[in-house]
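All values below were derived from every heavy atom in this structure, side-chain atoms included, with hydrogens, water molecules and symmetry-related copies excluded.
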Amino acid sequence: MCRLGPDCFNPAFAGVWEAMADLLALSDAERLARARADLRMGLPVLLTDGDARALALAAETATVRRLEGLRAAGEVILALTARRAETLRARAYDGDLARVRVPEDADLPWVLGTADPAEDLARPLKGPFMTLRDGEGPSPALARAAIRLAKSARLLPAALLVPLAGPAPEGIVAVPAAATRDASLAPLSEVVSARVPLAVSQAGRVHVFRSPLDDAEHVAVEIGSPPRDAPVLARLHSACFTGDLLGSLKCDCGPQLQAALARMAEEGAGVLLYLDQEGRGIGLANKMRAYSLQDQGFDTVEANHRLGFEDDERDFRVGAQVLQALGFGAVRLLTNNPRKVRLMEEAGVRVAERVPLRVGLNDHNAAYLATKAAKSGHLL
Ligand SMILES: Nc1nc2c(ncn2[C@@H]2O[C@H](COP(=O)(O)OP(=O)(O)OP(=O)(O)O)[C@@H](O)[C@H]2O)c(=O)[nH]1
Ligand SMILES: [Zn+2]
């Protein structure tokens, strides 16, 4: 009996094996999805870039055992964004990236303390940090790919890497570094829609969208039956658990959500996208880390930078895709954020009008809203 395999002696079976291997092989995008899930669980992944290869762990989920495992393969580095390196006063020789040597006697708390700014002020004497330059250690392309993966797993943007010369341990998923670059362009499709009468309007319908390549679920709430051939009153609302659900006073999200729906109900038609982009795309845990830094005196933008993130990590093309999937090509966009308008246009959705949405000012969020206006270009 032939055991199906590439060396199968029977040519007929060899053909079957090839067809099967081809149909069941993972695409790069699928490897990426797997790698993201693995890093989230604290498992290593293998990153490749031509002949260069490195094992990587997310700093946040690394364990003592896995760190030891990496060390057995060679000198370990901690890849950080230049934003984080700046706070640590570590030299970033690779532009947006710093590859920091992990000293031989450094333990897991050292790694976590370097990646996470929570204790920066309480323990200010970190370092000095030795960073790699040029051709030393795992390449910048591999390090950047690891950080991108950690970000997309909504972890701190920091990863441990070690170059790998020999074979990778069994079961470790391999991802080409290049595949991490355009990850968020995964196609979204509608899974289901159903009628949901809302307090503001009985004519509500909820559409759920998913991509096969991540666990995000984006929602469109359609009010009435807006014609597809005219600009629709639209709101792209990024999820804010604290503001939308808990009524947090630190931001203006909850009142904006309600005001947008009320305005659509008033006009009898509109579409509100509720996008799975908590904390401007950094995830709830990282947003709470940012809030904790804000209690130490940093503003919303500084807090993101200290964590190693950019001001805004959202990909607004997601919103454009959902609108297009619903048949809308033009919008009257409810927003105070000119960047949203620009990115919508760039993604192929015409913004016929920007409709301001100023609600929810209170004593707690006054400074936050002022920072958005001063640093993020929001219009007041
Ligand atoms: N990282 C971070 N995210 C925040 C903070 N406060 C609110 N958010 C998130 O910011 C998103 C809302 O974005 P905003 O910048 O307030 O508003 P916008 O959507 O850009 O602009 P508008 O359309 O005018 O509301 C939601 O995902 C919130 O969870 C914060 O302090 N830090
Ligand atoms: Zn909010």
### Message
Check whether Asp107 reaches the backbone of Trp110 with its side chain - one donor and one acceptor, N or O, closer than 3.5 Å.
### Response
yes
### Message
I'd like to check Val206 versus Ser193 (side-chain heavy atoms, cut-off strictly below 4.5 Å). Are they in contact?
### Response
no
### Query
Between Arg101 and Glu75, does a salt bridge (charged side-chain N to carboxylate O under 4.0 Å, His left out) hold up when you go through it step by step?
CA-CA 8 Å; Arg101 285 185 199 281; Glu75 190 193 7; 2.9 Å; yes
### Task
Using only heavy-atom distances, determine whether the side chains of Lys287 and Thr242 contain a donor-acceptor pair under 3.5 Å.
yes
### Message
For a side-chain contact (heavy atoms from CB on, under 4.5 Å) check, start with the C-alpha distance between Asp312 and Lys340, then their side-chain angles and the critical distance, and finish with the verdict.
### Response
CA-CA 11 Å; Asp312 193 335; Lys340 253 187 201 174; over 6 Å; no
### Query
At what distance, to the nearest 0.5 angstrom, does OG1 of Thr371 lie from NE2 of His378?
11.0 Å
### Task
Could you tell me the separation between the CG atom of Leu261 and the CD atom of Glu266, rounded to the nearest 0.5 Å?
12.0 Å
### Stepwise side-chain contact (heavy atoms from CB on, under 4.5 Å) check, Leu334 with Leu233
CA-CA 7 Å; Leu334 281 156; Leu233 182 64; 3.9 Å; yes
### Task
Would you indicate whether the side-chain heavy atoms of Leu97 and Thr81 approach each other to under 4.5 Å?
no
## Note on the structure
Here the gap from Asp244 atom CG to Gln258 atom CD, rounded to the nearest 0.5 Å, amounts to 8.5 Å
### Task
Answer yes or no: is there a donor N or O on one side and an acceptor on the other, between the side chain of Asp276 and the main chain of Glu217, under 3.5 Å?
yes
### Query
Going from CZ on Arg306 to CG on Asp116, what distance comes out if it is rounded to the nearest 0.5 angstrom?
11.5 Å
### Message
What I'd like to find out is whether the side chain of Ser189 reaches to under 4.5 Å of the side chain of Arg210, using heavy atoms alone.
### Response
no
### Task
Go through Arg84 and Asp120 one step at a time and tell me if the salt bridge (charged side-chain N to carboxylate O under 4.0 Å, His left out) criterion holds.
CA-CA 11 Å; Arg84 179 72 192 128; Asp120 280 359; 2.9 Å; yes
### Query
Side-chain donor-acceptor pair under 3.5 Å between Thr131 and Arg99, yes or no?
no
### Query
Is Leu108 linked to Leu55 within one hydrophobic cluster, defined over Ile, Leu, Val, Met, Phe, Trp and Tyr using a side-chain heavy-atom separation of less than 4.5 Å?
yes
### Message
Check whether Asn365 reaches the backbone of Tyr368 with its side chain - one donor and one acceptor, N or O, closer than 3.5 Å.
### Response
no
### Query
Would Asp252 and Lys372 pass as an ion pair if we require N to O under 4.0 Å?
yes
### Message
Surrounding CD of Glu86 (heavy atoms of other residues, nucleotides or ligands, distance under 6.0 Å), is the total greater than 12?
### Response
no
### Glu136, CD atom: more than 12 neighbouring heavy atoms under 6.0 Å
yes
### Message
Main chain of Met288, side chain of Ser292: is a donor-acceptor contact present, judged purely on distance under 3.5 Å?
### Response
no
### Query
Just by distance, with hydrogens left out, do Arg280 and Ser238 show a side-chain donor and acceptor under 3.5 Å apart?
no
### Message
Listing request: all ring pair (Phe, Tyr, Trp, His ring centres under 6.0 Å) pairs with a residue in residues 315-349, at least two apart in sequence or in separate chains.
### Response
none
### Task
Please name the pair of heavy atoms, one in Val111 and one in Ala59, separated by the smallest distance, quoted to 0.1 Å.
CG1-CB, 3.9 Å
### Query
Is any side-chain heavy atom of Thr300 closer than 4.5 Å to a side-chain heavy atom of Gln294?
yes
### Residue pair Thr335, Arg354: steps toward the side-chain contact (heavy atoms from CB on, under 4.5 Å) verdict
CA-CA 7 Å; Thr335 185; Arg354 183 185 71 83; 3.9 Å; yes
### Task
Using atom types as modelled and distance alone, determine if a side-chain donor or acceptor of Asp38 lies under 3.5 Å from a backbone N or O of Leu43.
no
### Task
Carefully, step by step, assess Met20 and Leu24 under the rule side-chain contact (heavy atoms from CB on, under 4.5 Å).
CA-CA 6 Å; Met20 175 201 71; Leu24 296 183; 3.9 Å; yes
### Summary
Note: Phe298 and Ala303 closest approach over all heavy atoms is CB-N, 4.2 Å
### Message
As a test of understanding, state which of Val331, Val221, Leu323 forms a side-chain contact (heavy atoms from CB on, under 4.5 Å) with Val271.
### Response
Leu323
### Message
For Asp315, is there any backbone N or O sitting under 3.5 Å from a side-chain donor or acceptor partner on Gln277?
### Response
yes
### Query
Should Val64 and Leu160 be regarded as members of a common hydrophobic cluster, given that ILVMFWY residues are connected when their side-chain heavy atoms come within less than 4.5 Å of each other, either directly or indirectly?
yes
### Query
Do you see a donor-acceptor pair shorter than 3.5 Å between the side chains of Gln256 and Arg235?
yes
#### Entry: Test: Arg34 and Glu30 ion pair at under 4.0 Å
no
### Task
Kindly say whether Ala203 contributes a backbone atom to a donor-acceptor pair with the side chain of Arg205 at under 3.5 angstrom?
no
### Task
For the pair Glu302 and Lys375, evaluate salt bridge (charged side-chain N to carboxylate O under 4.0 Å, His left out) and give the outcome as yes or no after the intermediate values.
CA-CA 10 Å; Glu302 291 162 347; Lys375 292 194 176 178; 3.7 Å; yes
### Query
How about Thr48 and Arg53: does a side-chain donor come under 3.5 Å of a side-chain acceptor?
no
### Test item: His218 side-chain N/O and Phe209 main-chain N/O as donor-acceptor pair under 3.5 Å
no
### Query
If you round to the nearest 0.5 Å, how far is CG of Leu70 from CG of Leu161?
8.0 Å
### Atom pair CG (Leu156) and OG1 (Thr114), whose distance is rounded to the nearest 0.5 Å
11.5 Å
### Query
Hey, does the side chain of Arg314 reach the backbone of Ile282 with a donor-acceptor pair shorter than 3.5 angstrom?
no
### Task
For the pair Arg154 and Glu60, evaluate salt bridge (charged side-chain N to carboxylate O under 4.0 Å, His left out) and give the outcome as yes or no after the intermediate values.
CA-CA 10 Å; Arg154 311 242 155 133; Glu60 181 175 347; over 6 Å; no
### Message
Tyr274: which residues meet the ring pair (Phe, Tyr, Trp, His ring centres under 6.0 Å) condition with it, sequence neighbours left out?
### Response
His237
### Message
A side-chain contact here means heavy atoms from C-beta on lying under 4.5 Å apart; do Ile77 and Pro138 qualify?
### Response
yes
#### Entry: Donor-acceptor contact below 3.5 Å, side chain Asp96 vs main chain Ala82
no
### Message
Using the rule given for side chain to side chain donor-acceptor pair (under 3.5 Å), can you reason through Glu222 versus His207, listing the C-alpha separation, both sets of side-chain angles and the distance that settles it, and then say yes or no?
### Response
CA-CA 8 Å; Glu222 193 177 355; His207 305 255; 2.7 Å; yes
### Message
Check this for me: does any side-chain nitrogen of one of Arg133 and Asp94 sit under 4.0 Å from a carboxylate oxygen of the other?
### Response
no
### Task
Report whether Val76 and Leu132 are members of the same hydrophobic cluster (ILVMFWY, side-chain heavy atoms less than 4.5 Å apart, transitive linking).
no
### Query
Any chance CZ of Arg91 has more than 12 other-residue heavy atoms, nucleotides or ligands included, within less than 6.0 Å?
no
### Message
Check for me, please, whether Met264 and Leu333 land in the same ILVMFWY cluster - side-chain distances under 4.5 Å, paths through other members count.
### Response
no
### Query
Are Leu198 and Leu326 connected in a single hydrophobic cluster, I mean Ile/Leu/Val/Met/Phe/Trp/Tyr linked by side-chain heavy atoms less than 4.5 Å apart?
no
### Query
Given Ser152, which of Glu313, Arg36, Arg40 fulfils the side-chain hydrogen bond (donor to acceptor under 3.5 Å, both in side chains) condition?
Arg36
